[in-house]
Amino acid sequence: MTAILVDGLRKHYGDFAAVRDVSFDVSQGEVFALLGRNGAGKTTTLEVLAGFAAPDAGTVRVLGLDPVKDRTEVRRSCGIMLQEAGFFPDLTVAQTVDAWRDFVAAPRPRDEALEMAGLTAKAGTKVRQLSGGEKRRLDLALAILSRPDVLFLDEPTTGMDPEARRNTWDVIRDLAGQGTTVLLTTHYLEEAQRLASRMAIMDHGEVVASGGMAETLAAQTGRVAFELPGAVTPEELPLPPSSVEGRTAVYRVADPDLAARTLLNWAGERGLRLHGLEVRTASLEDLFLDLAADADGHPENEHAKEVA
Amino acid sequence: MTVAARDLVTVARFDARLFWRDRTALSTSVTLFLLLGVGLPVMADRLQPGHPEAVVAQHLGILSMLLVLATFGQVVNTLTTRRDQLLLKRLRATGMADRDILGGGVLNLVLQNTLLAAVVSVALYALTSLPVPRDPLLLLVAVVAGAAVLCLLGTAFTPLVPRPEVGAVMTMPFFLLAGVGAGGFGPLTEMLPGWVSTLLGLLPTDAVADIARIAYAADGTFGGDLAAAAGPALKLAAWAAIGLFAVSRWFRWDPRRQ
């Protein structure tokens with residue numbers, strides 16, 4: 001069953017086209033990720049789905065309902081984690097959750113919500129004293145309070161430390177396992193890859209990659225780079241680099257460890273040193289550089305696909 | 001209780017809790033209300049002893065002004081702050097209806113200010129020559145209806161307020177106009193050109209003061225009171241209609257997008 005349907009969505013703010021022609025659908029119990037940089041139109045898409053803004057064109061349905069016309073009904077079955085909404089700064093975490101329990105129907109017990117969000121130890125802390133990551137967790141606690149059928153998460157783990165991030169991922173996976181439909185936006189490749197069963201990559205208000213292609217791109221989360229040793233040309237390397245920037249060879253691969261080991265063995269056998277060797281997780285920016293290169297038809301990019 | 005009424009009361013209770021923790025709100029909307037509301041009529045009574053009608057005039061004038069401060073001004077402050085901190089948006093995300101989110105706040109302020117007006121009135125009955133109103137029910141109606149209409153107008157006014165910081169400055173003229181019109185600064189209207197008093201007479205606070213004066217009038221009948229209050233009541237109803245229309249048409253839940 002389709003829980004979320006977006007078909008040909010367009011949304012303008014004044015002259016600015018925040019979303020132009022976006023379509024996707026999410027089945028019940030599925031985790032779907034909208035991956036994109038700031039200003040890609042992810043938040044706008046989510047806001048239209050949550051009924052905060054009416055679409056300029058296109059069809060949007062949540063559980064078969066129109067989020068604008070049936071706003072109250074849609075909101076009652078949805079949990080929303082907003083990207084930047086405020087809290088009442090002088091209430092404690094527990095007081096905030098208690099107040100919100102009054103605002104929603106059939107809420108979870110306060111302690112259960114705090115436990116799920118990993119905020120039990122902060123129950124007595126005033127919201128104004130929470131860190132950015134802790135506020136995100138409180139946001140999560142409020143979003144899941146009403147045991148929603150559909151969960152909208154706008155960059156749920158931004159500002160969280162690694163442990164909180166993993167904990168949040170666990171919560172999202174558990175909820176999805178229990179049948180909750182999750183639509184999340186993120187600019188972390190890893191997050192989309194770990195959580196989502198399907199994803200779409202958005203840029204400048206459009207879906208630039210979706211389905212298998214988006215998954216393939218997001219899977220290339222590794223980046224290996226080093227300076228080419230003196231006399232070596234890119235063609236001599238044991239693995240063809242994704243790109244060569246000046247004298248720096250760059251690889252975009254799913255498994256950066258393996259690539260780095262292959263390259264180091266090769267260099268070791270020849271008594272060469274790989275200066276400035278860098279092995280790291282690729283960012284969304286790296287991915288978009290690839291996409292841009294793809295669009296320009298750079299031949300180097302063919303290698304990226306082979307390595308992947 | 002229906003679901004809608006439940007949400008309305010929930011929001012009102014929540015707003016009351018936040019209000020009584022907020023020192024700024026307490027100092028302006030409560031302390032000032034009590035100090036001026038009691039203080040000025042007491043002074044008027046001391047300066048001109050034996051003129052209860054002057055105390056009534058001073059009391060109703062200052063009460064109208066303070067209602068503007070504690071309802072219109074308070075609503076503007078609360079709503080613009082919540083709008084800019086995206087708290088209205090968060091409240092909307094709960095699934096509560098828009099009218100309950102806004103109405104709950106209004107309900108709280110109406111109750112609160114009716115209570116404050118009662119405290120001020122009782123203090124004045126004890127401390128001054130202010131007579132107990134002949135028609136207390138009508139006085140209650142005036143305060144409740146006035147507070148509700150002023151809250152509604154405050155809500156309607158928020159789209160014109162770009163930031164919460166300028167809310168106080170932007171509501172100040174209404175506070176002063178209400179004071180001049182309803183006699184909070186003394187019988188100023190008598191010194192102003194006729195058309196100015198006519199215009200000031202259109203203010204909702206003027207209608208509140210008019211109805212209250214009928215309640216305090218030395219003699220009259222129930223039927224006579226109703227007939228006399230019909231005009232100002234109609235005026236308040238017109239303001240309520242304007243407020244409702246403006247809110248449904250122009251109210252902004254989000255800070256302006258760039």
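Keep in mind the model is a prediction, meaning the values are calculated, not measured. Just so we're on the same page: letters track the sequence lines, and every chain starts at 1.
Heavy atoms closer than 4.5 Å to chain B are found nowhere in Leu145(A), neither backbone nor side chain. Using a 4.5 Å cut-off between heavy atoms, Phe152(A) makes no contact with chain B at all. Residue contact with chain A, scored on non-hydrogen atoms closer than 4.5 Å, involves the side chain of Asp98(B) exclusively. When heavy atoms are compared at a cutoff of 4.5 Å, Leu18(B) approaches chain A solely by way of its side chain, counted from C-beta outward. Proximity to chain B (any heavy atom under 4.5 Å) is shown, for Glu73(A), by neither the backbone nor the side chain. At a 4.5 Å heavy-atom cutoff, the contact between Arg90(B) and chain A is made by backbone and side-chain atoms alike.
Ranked by heavy-atom pairs under 4.5 Å with chain B, the first of Thr72(A), Asp102(A), Ile80(A) is Asp102(A).
Ring geometry for Phe174(B) against Phe157(B) counts as perpendicular: the plane angle is over 60°, on a 0 to 90° scale with 30° as the lower cut. Between Phe88(A) and Trp100(A), the ring planes lie tilted relative to each other; the angle falls in the 30° to 60° range.
Applying the side chain to side chain donor-acceptor pair (under 3.5 Å) test between Glu191(A) and each of Thr186(A), Thr185(A), Thr158(A) identifies Thr186(A) as the sole match.
You'll find the side chain of Thr158(B) reaches within 4.5 Å of the side chain of Phe251(B), heavy atoms only.
Salt bridge status for Arg17(B) with Asp90(A): absent, with no side-chain N to carboxylate O gap under 4.0 Å. A salt bridge links Arg110(A) with Asp98(A); the closest basic N to acidic carboxylate O contact falls under 4.0 Å.
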